[in-house]
Amino acid sequence: MHLNRVKDKKISLKDLRKNFSEFEPALTPKEAVEESNRCLYCYDAPCIKACPTGINIPSFIKKIASGNLKGSAKVIMEANPVGASCARVCPTEELCEGACVLNNASLPIMIGNLQRHATNWAIQNSEQLFQAGEANGKSVGIIGGGPAGLSAARELARLGYEVTIFEAKEKAGGLDTHGIVSFRLPQEISLWEVEQVEKLGVKIHTNTKVGRDIPVEEVMNNFDAVVLAAGMSKVPMLGIEGEEAEGVFDAIDFVENTKTPPLDQQFIGKKIVVIGAGNTAIDAATCSVRLGAGDVKMIYRRTESEMTAYEFEYEFAKQDGVEFRWLTQPIKIIKDKAGHVKALECVRMELGEPDDSGRRRPTPVAGSEFSMEVDAVIKAIGQTRYVNLIEELGLEHNRGVVKIDMNTHQTSNPKVYAAGDVIFGDGQGDAMVVTAAQQGKLTAYAIHKQLITDEATLESV
Amino acid sequence: MADLRVNFAGIKAPNPFWLASAPPTNSGYQVQRAFEAGWGGAVWKTLGEPILNVSSRFAGTHFNGQRVVGFNNIELITDRPLEVNLQEIYETKKKFPNHAVIASLMVEPKQEKWHEIVKKVQDVGVDGFELNFGCPHGMAERGMGSASGQVPELVEKQTYWAKEAAKVPVIVKLTPNITDITATAYAAVQGGADAVSMINTINSLAGVDIDTWKTIPNVAGKGAHGGYCGPAVKPIALNMVAECARNPEINVPISGMGGVSTWKDAVEFMLMGAGSIQVCTAAMHHGFSIVEDMVDGLNNYLDDKGIESVAGLIGQSVEKYSDWGHLDLNYKVVARINNDVCINCNKCHIACEDTSHQCIDMLTSENGNAYLEVREEDCVGCNLCSIVCPVDGAISMVEIPNGEPMTWNQRQEAIKLPICNS
């Protein structure tokens, strides 16, 4: 995100919708052409290597410069089935733009914005960029219609598979549709990507949670292969007194509520505390500001240097006027008579010796307890796993992190493959949308190798 | 402060930057604005029998987002009555007595026509004439402009006729639409020209609209070839100036033009023998004020080099321009990459690998850093890598000692084989 490109940073209390419209303006056609002409068209370009999905970035940029926007969008979406969303949500400073050779000479190319420009063209021109492959007679069931599931589905459909996605929510798209703040990623972008996949003949059963709305065995028995791409679940409990109070929110739910109208008016002028300092915590804090909250604080038991949010997210929150309270641990939520949050009791922390994660362990400072008045508390201290589903499927896992063979993408059950956040953790993978997209693709190819290529090889023997 | 004044074949001007005969010098209003902006002279838009112009006349060539790397026009000579132009020339010269006002002329190739127009224009007090033997479009179909400028005999004769009546210097402006420009330059000298100027525009079709399939520009759906100028023609113009400058039989001053956009371009033309510089496209692209940096930049350049006046520049590189047969076959340069400056775009590698001599390796150092290295023994010193390199100072072409100089001509002499004169 290029905050310097944003002209109107004011928060409106009269029209909350305005606060949730896409924050950074799209490139004008002139900006796009000028910026694309600045690209050096490197050979063996480092930006390609820095992209988890390996988009041929110089190629799509050259096509913008030459006026071939359809070709440009196709290069992007070919490598990344959720390339329009990634144009907006990728931490480009850490990926493609961070690798741009112009970092050392002038300014890196705005790759994310150019990607947004090209994919916007495809969205506005209703282009169907890909076709389904000739049916090969095999079927795949996918649990979860988020980036990993959609990506696997798109590639499998192109390879001729009959693909069915089971999506628990009303709309597919996963985090891109429900979990990423609207001012970064408007929902219609993600829904266009869903539609692109559907147009290849992929069936998406929404409101269908596997294990609740359809038995696990049915999914296991009806397909030649199954992909588990269910993502992650709710924010865990803080484990402190008063947590059940009215006015305590799960950050994921909180953000999801802002994705579909109407916007909640109840936070205007209120005091909100967000617990945590990751990217979701930042999202909850900036959403709070945009819902009109009068005072938004983030509290974190470690310090600025240990926070896991991206640098640009942190900058963004600071610009939105979010206050940060480091070395602060919540210990109790105090309710009023009606059972609503009234205050948050905290204790100051200090950093000791490094813990297992290599970060210095925070410990409470005796006698430093204090309390702050609050109207709402938002928990953003990570996400739990769909352990029940994983166990019903009978898959090996480590505290909800599904174990896979990184070469075949198979779980402990060779018929079941896994991709996306379900395999993220324990040093495995990354929590980015773009990583999930790549894992989805690779899973599709792995399935194809198992079901078709190996079979063909066997036949030819 | 260097002395920028020029005395070009007897025509004096406060600086060498003159507006070329073209749309910018169409009227007294424009030329006076130009002089106020700092131009040292102006060649008035060609006078002759007033013509009729068409609507939609110009087209630009744009490249990679850069506008007007080239410029094409199908406009003809002045479309205003001669009397109006003469009145305005008179007024302009009266207001700016120290600036050079030169009248461009084009009439049918007849002695009496040349006498008539030279006398009429001379009476209002111009500093010189420029005979337009160059315009490639429109007028050429009527036997004027480049049609007469492509025939050495006609060039010589018309120059002679103009000189018969002229009391002020006569410059002959040459067309580049000819195989060897020194042939017509020589003809002009034979006809008594006091100077030559070059280049006029090059035959061109700016483009075809890929949606309507019409030419660019088009007049009611049809097009005709125009004249091409602007930054892209500079190398062509510079060669023509240099070829004339190094020809001992073309011993008159040269006014150089063709793609001059900055003081640096002007310095190059001067080093190759131009005694004054004419500019059009750059002014049409940016307005008259661009002359300010041309003057300022040239002045600072001369001061930096310790040169007192522009005269100290003119022709200084001419002797360095020769024939291929005089180039030293034993001279060797090789590319060397400065990895402290290199940004690892690998453009040099792929250019060399795909299109030249496969001598730049992409390597990884012991600490895992990518770097590029030239295998000097395989490098032919073609310059391609340094041309495509986007960062100044990352690639230098380094001279390698390689024995005594030996030109192709010397070599052929030595091995006593017939010399190929092609």
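Convention: sequence-line order gives letters A, B, ...; per-chain numbering from 1. Heavy atoms only: backbone and side chains are in, while hydrogens, waters and symmetry mates are out.
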Residues passing the ring pair (Phe, Tyr, Trp, His ring centres under 6.0 Å) test with A:Phe130, sequence neighbours excluded, are none

Listed by number, the residues in residues 229-240 of chain B that come under 4.5 Å of chain A (heavy atom to heavy atom) are none

Surrounding [atom1] of [X] (heavy atoms of other residues, nucleotides or ligands, distance under 6.0 Å), is the total greater than 12?
X	atom1	answer
B:Arg57	CZ	yes
B:His225	NE2	yes
B:Ile210	CD1	no

Exercise for review: Determine whether B:Val391 and A:Val101 make a side-chain contact, defined as any pair of heavy atoms from C-beta on separated by less than 4.5 Å.
Suggested key: no

The side chain to side chain donor-acceptor pair (under 3.5 Å) partners of B:Asn300 (sequence neighbours excluded) come to none

Enumerate the inter-chain donor-acceptor pairs under 3.5 Å for chain B and chain A, one line per pair.
from     : atom 1 : to      : atom 2 : distance (Å)
B:Asn64  : O      : A:Asn37 : ND2    : 3.1
B:Cys345 : O      : A:Tyr43 : N      : 3.0
B:Asn346 : ND2    : A:Tyr43 : O      : 2.9
B:Lys347 : NZ     : A:Leu40 : O      : 2.6
B:Lys347 : NZ     : A:Tyr41 : O      : 3.2

